[in-house]
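Have a look at the structure below before the remarks.
When reading the values below, keep in mind they use all heavy atoms of this one structure, side chains included, and skip hydrogens, waters and symmetry mates. Convention: sequence-line order gives letters A, B, ...; per-chain numbering from 1.
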Amino acid sequence: MSSDSLASETTAPTLPAGNEAPAKIIPISDAHRHVGERVEFQGWLYNLRKSGKIVFPIIRDGSGMMQCVAVKSNLPEDVFEMLKGLTQESSFTVTGTIRAESRAHGGYELDVTDAKLIQRVSEESPYPITPKEHGVDFLMDHRHLWLRSRRQHAAIRVRHQVIKSIRDYLDSNGFTLVDTPIFTPAACEGTTTLFEVDYFGDEKVYLTQSGQLYNEANAMAFGKVYCFGPTFRAEKSKTRRHLTEFWMVEPEMAYADLEEVKRVAEALVVYIVGRVLEQHEEDLKVLERDPSKLENIKAPFPRMSYDDAVKILQSKGSEIRWGGDFGNADETLLTQDFDRPVIVDRYPTQIKGFYFQPDEQRPELALGVDVIAPEAYGEIIGGGQRIHDLALLDKRLQEHHLPREAFEWYRDLRRFGTVPHAGFGMGVERFVAWMCGLEHVRETIPYPRMLYRTRP
RNA sequence: UCCUCAGUAGCUCAACGGUAGAGCAUUCGGCUGUUAACCGAAGGGUUGUAGGUUCGAAUCCUACCUGAGGAGCCA
């Protein structure tokens, strides 16, 4: 029997005898609330096991999975044959009664009374991602299909929760979302790491690598603001924690200092972790993430100065010297004795951006802060207090060989009612990788953009 | 940009100088409780590309292509 005739034979399913009302269409995730009821699921075939006159199709609908039980003697011949012949990821709907069943994953099962084929995946080109193992290259080439797999599905759901929690936290703590542009006219700190875009031929613009400068203007207008969007870095970086396109949330606060940044960053992290643990127990299980690693993430986080961090690293055998930035190995060393993120502040001015406010007591230090996640997940937050004095800003622009004309609007912020202000940026993908215990950030974003990968 | 590693069936891998194999996927057959089901059978290959060494190359050498991991840099 060909797939065509199967399809045509099942387009008008025979309803069970009697005057039964049509079954209610529900998401699989709601199944536990409909035990004993006749319902319909709409989805795709995840896997099928068959044993002669009984078949067990597992349907997934995006909200969950459900094992169905189709018994030959209880079904019209064509419906049973259709189910028996389903191939992986064929789309179909199935009607039946939900029953608690300890033998099934998830604890429930559907006794099938009817089913309808939407499209059968043909045997000439079967679904490429099988239930067995695959390599990274193959999976990345099939990212658009890989998202249907259990682990990827779980990781993207955690990503959703991280983003939602960030917004919930900031929204309920007085922050206003004020978006910053993605096309920007000039580099924030040099052009080497920026993607250049041809803007109607006559002007060069770049894809943003940070909304921070605009955030500072927005903070002077709204007090507490944040921007949340994609960020682009053209560095030819090729490691498990890099993407060329990633999402970053950047809160910025007027009348705030370095201490306030540390407090907000810590509270934000604690809030998100709590929500992930509370809402995504099942997803973490699918990801084989040990939740006890996250249960410790509570305030206060250990705090240390850059000075102390360098001393600690040297005592642990790092080659680092005062004045240098931490490498990945250093970040791992620094956090290995702690079960929660480490906050490091007051970095040497020369390794930080031009806009950092210097320490009053020690002007060679910038009031910058990084939050470094445990378990070798690295820097998840970077921020600090910004320069609010015009004369000092001008001095820094000169030292960094930045054209003053391009920063006129930014200088205005220091002319018209300047106030101390501070903020930070947090990378969503690194945060999600940490929550999920993933090896690589590429699985934390639906369509990762990397050095040698821009498709699909 | 640099260093290291890898490209063999649709997928994951084996064969390491002498006739290219297995599991999964697909098709056919069997099985009324399967859990990456199982059992039997079938089809499926220009061994990344181009040269070279050799009687003989998937295997050794050179270059290139593609990808992965790491360094630097970053969230």
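Applying the 3.5 Å distance criterion, the base of B/C74 shares a donor-acceptor pair with the side chain of A/R430. With hydrogens and angles left out, the side chain of A/D370 and the base of B/C74 share no donor-acceptor pair within 3.5 Å. Remark: the A/H242 side chain and the B/C74 base include a donor-acceptor N/O pair separated by less than 3.5 Å.
Residue contacts for A/Q67: at a heavy-atom cut-off of 4.0 Å it reaches a base atom on one of the strands shown. In this structure, A/R442 reaches the sugar-phosphate backbone alone: every heavy-atom distance under 4.0 Å involves primed, P, OP1 or OP2 atoms, never a base. Looking at heavy-atom distances under 4.0 Å, A/R99 makes contact with a base. Contacts of A/F138 with the nucleic acid, taken as non-hydrogen atoms under 4.0 Å apart, involve only primed sugar atoms and P, OP1 or OP2. Nucleic acid contact class of A/S73 (heavy atoms, under 4.0 Å, all strands): base. Using a 4.0 Å heavy-atom criterion, one finds that A/I381 contacts the sugar-phosphate atoms exclusively. Across all strands shown, A/H142 has no heavy atoms under 4.0 Å from either base or sugar-phosphate atoms. Using a 4.0 Å heavy-atom cutoff across all strands shown, A/K72 reaches no nucleic acid atom at all.
Nearest-nucleotide mapping onto RNA chain B: of A/L451 and A/S237, the residue sitting toward the 5' end is A/L451. Remark on RNA chain B: of its neighbouring residues A/L86 and A/E245, the 5'-side contact belongs to A/L86, judged by nearest-heavy-atom nucleotide.
Separating the C1' atom of B/G67 from that of B/A20 is a span of 24 Å, rounded to the nearest Å. Between B/G29 and B/U46, the two P atoms lie 30 Å apart (nearest whole Å). B/U27 and B/G44: their C1' atoms are spaced 11 Å apart (whole Å). For the C1' atom pair drawn from B/U47 and B/G10, the interatomic distance equals 16 Å after rounding to whole Å. A distance of about 27 Å separates the C1' atoms of B/U1 and B/C61, rounded to the whole Å. To the nearest whole angstrom, the two P atoms, one in B/G21 and one in B/C39, are 22 Å apart. Comparing B/G17 with B/A57, their P atoms sit 14 Å apart, to the nearest whole Å. Spacing of P atoms, B/A15 relative to B/A58, comes out at 16 Å, to the nearest Å.
B/C74 is unpaired under the Watson-Crick or G-U wobble criterion, no partner having all donor-acceptor distances under 3.5 Å. When Watson-Crick and G-U wobble pairs are counted only if both distances are under 3.5 Å, B/G45 pairs with no nucleotide at all. Under the Watson-Crick or G-U wobble criterion, with both distances below 3.5 Å, B/U4 is paired with B/A68. Both distances falling under 3.5 Å, in either a Watson-Crick or a G-U wobble arrangement, place B/C24 opposite B/G10. Partner assigned to B/C38 is B/G30, using Watson-Crick or G-U wobble distances below 3.5 angstrom.
One finds a salt bridge joining A/E429 and A/R159 here, because a Lys/Arg side-chain nitrogen approaches an Asp/Glu carboxylate oxygen to under 4.0 Å.
Stacking is not found between A/Y452 and the pyrimidine-like six-membered ring of the B/G67 base under the 5.5 Å centre-distance and 30° plane-angle cut-offs.
Remark: C1' of B/A75 and CG of A/D325 are 13 Å apart, rounded to the nearest angstrom. Whole-Å rounding puts the A/L139 CG to B/U12 C1' distance at 11 Å. The distance between atom CZ of A/R103 and atom C1' of B/U32, rounded to the nearest whole Å, is 11 Å. Residue A/F326 contributes atom CZ, which lies 14 Å from atom P of B/A75 at whole-angstrom precision. Rounding to whole angstrom units, NE2 of residue A/H440 and P of B/A68 are separated by 8 Å. For the pair A/Y108 OH and B/G33 C1', the computed distance is 20 Å after rounding to whole Å. Taking atom NZ of residue A/K236 and atom P of nucleotide B/C2, one finds them 10 Å apart after rounding to whole Å. Atom CG in A/D137 sits about 9 Å away from atom C1' in B/G7, given to the nearest Å.
Between A/F246 and the choices A/R241, A/R430, A/R233, the side-chain contact (heavy atoms from CB on, under 4.5 Å) rule is met once, by A/R233.
Among the nucleotides B/U32, B/U34, B/A75, the one closest to any side-chain atom of A/I54 is B/U32. Across B/U27, B/A25, B/G33, the shortest atom-to-atom separation from the side chain of A/E123 is found for B/U27. Listed nucleotides: B/U12, B/A25, B/G33. Nearest to the side chain of A/T130: B/A25. Closest to the A/R233 side chain, of the nucleotides B/U12, B/A75, B/C31, is B/A75. Checked against B/G33, B/A25, B/C74, the side chain of A/N328 finds its nearest nucleotide in B/C74. Listed candidates were B/G33, B/U32, B/A68. Nearest to the side chain of A/K53 is B/U32. Of all nucleotides listed (B/A36, B/G72, B/G33), B/A36 comes nearest to the side chain of A/N47. When each of B/C31, B/A75, B/U27 is scored by its nearest atom to the side-chain atoms of A/T87, the top-ranked nucleotide is B/U27. Checked against B/G33, B/C74, B/A75, the side chain of A/R241 finds its nearest nucleotide in B/C74.
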For this session: Kindly indicate, with the supporting measurements, whether the criterion ring pair (Phe, Tyr, Trp, His ring centres under 6.0 Å) is fulfilled by A/F326 and A/Y306.
Result: CA-CA 10 Å; A/F326 305 138; A/Y306 171 86; 5.5 Å; yes
Problem set entry | Verdict with reasoning, A/E123 to A/T87, per side-chain hydrogen bond (donor to acceptor under 3.5 Å, both in side chains) | CA-CA 8 Å; A/E123 52 271 20; A/T87 45; over 6 Å; no
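Here A/K50 does not reach the OP1 or OP2 of B/U34: none of its side-chain N or O atoms lies under 4.0 Å away. Dashed line: the shortest gap from a side-chain N or O of A/R150 to OP1 or OP2 of B/A36 is not under 4.0 Å.
Between A/F301 and A/V269 there is a side-chain heavy-atom pair separated by less than 4.5 Å. Contact of the A/P448 side chain with the A/V441 side chain is not registered, since no non-hydrogen atoms from C-beta on lie closer than 4.5 Å.
Checking A/Q67 against A/R49 by side-chain atom types alone, a donor-acceptor pair falls below 3.5 Å.
In this structure, A/H142 and A/F138 have tilted ring planes: the angle between them lies in the 30° to 60° band.
Remark: aromatic rings of A/Y355 and A/F407 are distant, center separation not under 6.0 Å.
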